[in-house]
Amino acid sequence: MRIATWNVNSVKARLPNVQGWLETASPDVALLQEIKCETASFPAKDFEALGYEVHAVGQKSYNGVALLSKHPVTDLLTRLPGEPEDEQARYVEGTVQGVRVASLYLPNGNPVGTEKYPYKLRWMDRLKAHAKGLLESGQPVVLGGDYNVIPGPEDVYDPKGWTEDALFRQETRLKFREILHLGYTEAFRALHPDMAHAYSFWDYQAGAWPRDMGLRIDHFLLSPQAADRLTVCAIDRGPRGQEKASDHTPVIVELDV
DNA sequence: ATGGTAGCTACGCTA
């Protein structure tokens, strides 16, 4: 089973890019983030035409996630538990062929020192609690998405310059590791322990893409039952170089299921 | 050099 995650930065602005990539890469499941539209206006038909069942969770203007699958999806969950008053559309989860799969968009958290950063930390605590429960099910679990977390200094072009950023500061990285320590495997680093410049995001500004000033912030976390079946994890830089590109590029895992 | 770009929305916010 091939699963892709991609922060598309507006599904409507990106429709030709996303459709074209899905036709070529043909993942069984595509996890999208930052669809930036309301659920009802998600262009579901454009993806159904490619053979996908569509489950979008959106809101006006910001955020929004989607789970596209070539196989039936059951037991859909459309919000991350733990803070019922949280209205931001950042989580969708369902079961595909016995695998529990989630598309998540973790809050950015900048600027640190505003309410945005404690919200990010609370969201990570909620994800940790939920991820712990998922492990107890014993099924393979794949949590993919834009984590807005740079796991280590090898995952950013200028670690010193990013030390106080919400994506890289110690408190953020420690909390990310707390989730891993529950028993999850970060797929890319597990298969490519020494690969440098393996970024998944390049800012639109300051020529970040041509200068390869990137970050690796889009990740797959796998439960032991999923990690045991992991054969491939790859970043496809192709879409970032296209016209009208998203600032993120897709990451893919393949599981032998 | 205190900028730069992109998307949503209709101005400033978010990233």
Side-chain angles (χ1 to χ4, degrees), chain A residues 5-21 31-44 46-47 56-66 80 83 86-91 103-124 127 144-151 155-169 171-173 175-176 199-219 235 237-251:
Chain A
T5 184
W6 191 5
N7 179 323
V8 296
N9 186 21
S10 170
V11 71
K12 292 178 183 174
R14 216 67 60 212
L15 199 51
N17 305 48
V18 178
Q19 284 183 302
W21 187 79
L31 310 173
L32 307 183
Q33 300 87 36
E34 280 208 88
I35 62 172
K36 288 189 169 178
C37 66
E38 295 181 283
T39 306
S41 68
F42 187 90
D46 294 292
F47 296 104
V57 178
Q59 67 180 86
K60 193 175 178 182
S61 306
Y62 304 120
N63 309 319
V65 291
L80 183 63
E83 199 170 311
D86 183 3
E87 299 290 339
Q88 299 190 25
R90 296 181 176 274
Y91 197 87
S103 174
L104 66 91
Y105 179 44
L106 207 147
N108 178 294
N110 281 307
V112 175
T114 68
E115 263 309 301
K116 292 173 184 297
Y117 191 62
Y119 173 64
K120 175 178 194 155
L121 295 177
R122 287 202 310 280
W123 208 95
M124 293 180 84
L127 180 62
D146 178 358
Y147 280 75
N148 272 313
V149 174
I150 302 164
D155 300 311
V156 49
Y157 65 94
D158 174 22
K160 283 185 180 163
W162 284 74
T163 44
E164 282 311 312
D165 192 275
L167 279 61
F168 190 54
R169 67 200 307 263
E171 200 173 0
T172 303
R173 293 160 58 192
K175 206 165 277 297
F176 182 70
Y199 304 133
S200 64
F201 164 90
W202 298 259
D203 200 284
Y204 287 123
Q205 303 183 66
W209 165 248
R211 299 160 76 183
D212 197 27
M213 296 165 67
L215 314 174
R216 195 173 68 89
I217 55 177
D218 299 274
H219 309 299
I235 301 173
R237 298 168 78 104
R240 184 62 182 83
Q242 292 180 332
E243 286 299 310
K244 288 273 290 176
S246 169
D247 42 4
H248 295 250
T249 213
V251 185

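Side chains included, hydrogens not; waters and symmetry mates left out as well; all remaining heavy atoms used. Protein chains get the first letters and strands the later ones, always in sequence-line order, with residue 1 at the start of each. All figures in this text were calculated on a predicted structure; none of them were measured in a lab.
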*Which one, dT14(B), dG4(B), dC8(B), comes nearest to the side chain of K116(A)?*
dT14(B)
*For residues 113-122 of chain A, which residue pairs qualify under salt bridge (charged side-chain N to carboxylate O under 4.0 Å, His left out), counting only residues two or more places apart or in two chains?*
E83(A)-R122(A)
*Can you name the ring pair (Phe, Tyr, Trp, His ring centres under 6.0 Å) partners of Y105(A), sequence neighbours left out?*
none
_Interatomic distance, Q88(A) CD vs dC13(B) P [rounded to whole Å]_ = 16 Å
*Quick one: is dG7(B) close enough that its OP1 or OP2 comes under 4.0 Å of any side-chain N or O from R14(A)?*
yes
_Protein-nucleotide distance (N7(A), atom CG; dA6(B), atom P), rounded to Å_ = 16 Å
*Name the residue closer to the 5' end of DNA chain B, choosing between E34(A) and A13(A) according to the nucleotide with the nearest heavy atom.*
A13(A)
_F42(A) vs F47(A), test: ring-ring contact (aromatic ring centres under 6.0 Å, His included). Steps then yes/no._
CA-CA 10 Å; F42(A) 187 90; F47(A) 296 104; 5.6 Å; yes
*Find the distance Y117(A):OH to dT14(B):P and express it as a whole number of Å.*
18 Å
*Dot-bracket notation for DNA chain B is requested: 5' to 3', Watson-Crick or G-U wobble pairs only, both distances under 3.5 Å, with ( ), [ ], | and . as defined.*
....((((...))))
*Y117(A) side chain to T172(A) side chain, donor-acceptor N/O pair below 3.5 angstrom*: yes
*In whole angstroms, how far is the P atom of dG4(B) from the CG atom of D247(A)?*
18 Å
_Pairwise C1' distance for dT14(B) and dA10(B), with rounding to whole Å_ = 16 Å
*Describe the nucleic acid contact of Y105(A) in one word from base, sugar-phosphate, nothing, applying a heavy-atom distance below 4.0 Å.*
sugar-phosphate
*Examine distances only and state if a side-chain atom of Q33(A) and a backbone atom of N7(A) form a donor-acceptor pair shorter than 3.5 Å.*
yes
_Pairwise 5' ranking along DNA chain B for Q205(A) and N108(A), keeping only the more 5' one_ = Q205(A)
*In whole angstroms, how far is the C1' atom of dA15(B) from the CG atom of D165(A)?*
11 Å
*Specify the separation, in whole Å, of atom CG of N63(A) and atom C1' of dA15(B).*
10 Å
_Separation of dA15(B) C1' from I35(A) CD1 (nearest whole Å)_ = 17 Å
*Would you say the side chains of D86(A) and Y91(A) form a donor-acceptor pair under 3.5 Å?*
no
*List the steps, then state whether salt bridge (charged side-chain N to carboxylate O under 4.0 Å, His left out) holds for K60(A) with E38(A).*
CA-CA 5 Å; K60(A) 193 175 178 182; E38(A) 295 181 283; over 6 Å; no
*Taking OP1 and OP2 of dG7(B), is either one under 4.0 Å from a side-chain nitrogen or oxygen of K244(A)?*
yes
*In whole angstroms, how far is the C1' atom of dG7(B) from the CG atom of D203(A)?*
13 Å
*Taking the C1' atom of each, how far is dG4(B) from dA15(B), in whole Å?*
13 Å
